[in-house]
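Data block below; observations after.
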Amino acid sequence: MKTKWLLTFPPELTGEPVTYTLIKNFNLKINILKASIDLNVSGNLLVLADGNKNEIDSALAWLGNTGVIVHPGDSQIVWNDALCVHCGACTAICPTKALSLDPSSWMVAFEGEKCLECGHCVPACPIGAISNNNGLHHA
Ligand code: SF4
Ligand code: SF4
C-alpha cells in the first residue's frame with residue numbers, strides 16, 4: 001500500500017536520519033516529494049511511503065515515539081472534474097504530471113498520489129476548477 005505523509009520535524013530532530021530508518025528498519029520504499037528542512041529549525045518533508053500494512057503501522061508508531069508529527073498527506077489539491085473544460089493549461093505547469101492530458105481523448109485527469117502540493121496549478125486554471133485546501137503551500 002502507498003500512503004502520503006507530511007512529516008513535521010521539531011528542531012531537535014532535523015538532523016536525524018529519519019528517512020534512512022524508515023527504509024532500513026521498516027522496509028518501506030520512500031519517495032521524497034518535497035522537503036524544507038534546515039538544521040535546528042523545524043521542517044517539513046512530504047513523502048510517499050510504500051510498504052505492507054504492518055510495515056506502515058510500525059513506522060507510524062515509531063515516528064510518533066520519535067516526536068515527528070505525521071499529517072495524512074492525502075492530496076489537498078481539489079480538482080473539480082465537473083467544472084474542468086480540459087483546456088490543458090494546468091498540465092503544462094504541473095511538475096510531476098499529477099495533472100495530465102490523455103493524448104488520445106484530450107481529457108485531463110488528476111492523480112493525487114503524484115501531487116507534491118506545490119499549488120502552481122491553482123492560479124493556472126482560468127476558471128477556478130482547482131483549489132488548495134491545505135493552507136500549507138501557496139503558489
Ligand atoms: S499542486 Fe503542483 S504537483 Fe499538485 S497537481 Fe498542482 S501543479 Fe501538480
Ligand atoms: S486549467 Fe482548469 S479547466 Fe484547464 S484543464 Fe486544468 S483544471 Fe481543467
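Positions are given from 1, in the same order as the sequence printed here. Both counts, for ligands and for their atoms, begin at 1 and track the order of listing. Keep in mind that what you see is a predicted model, and the values were worked out from it rather than measured.
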Drop me the distance from Thr8's OG1 to Leu46's CG, to the nearest 0.5 angstrom. 10.0 Å
Backbone N or O of Ile93 within a donor-acceptor pair of the His120 side chain at under 3.5 Å? no
Those residues that, when tested against Lys2, pass salt bridge (Lys or Arg N to Asp or Glu O under 4.0 Å) (two or more places apart): Glu113
Hydrophobic cluster membership, Phe9 vs Ile69, 4.5 Å side-chain cutoff: no
Side chains of Phe110 and Val78: closer than 4.5 Å at any heavy-atom pair? no
Under a strict 4.0 Å criterion on non-hydrogen atoms, which protein residues are in contact with ligand 2? Trp79, Cys84, Val85, His86, Cys87, Gly88, Ala89, Cys90, Val108, Cys125, Pro126, Ile127, Ala129, Ile130
Side-chain (Thr96) to main-chain (Lys114) donor-acceptor, under 3.5 angstrom: yes
Per-atom filter on ligand 1: closer than 4.0 angstrom to a heavy atom of Ile77 are 1 (S)
Side chain to side chain, Ile77 and Leu99, heavy atoms closer than 4.5 Å: no
Counting from 1, what ligand 1 atoms have a heavy atom of Thr96 closer than 4.0 Å? 3 (S)
Gly119 heavy atoms, cut-off 4.0 Å: which ligand 1 atoms fall inside? 1 (S), 2 (Fe)
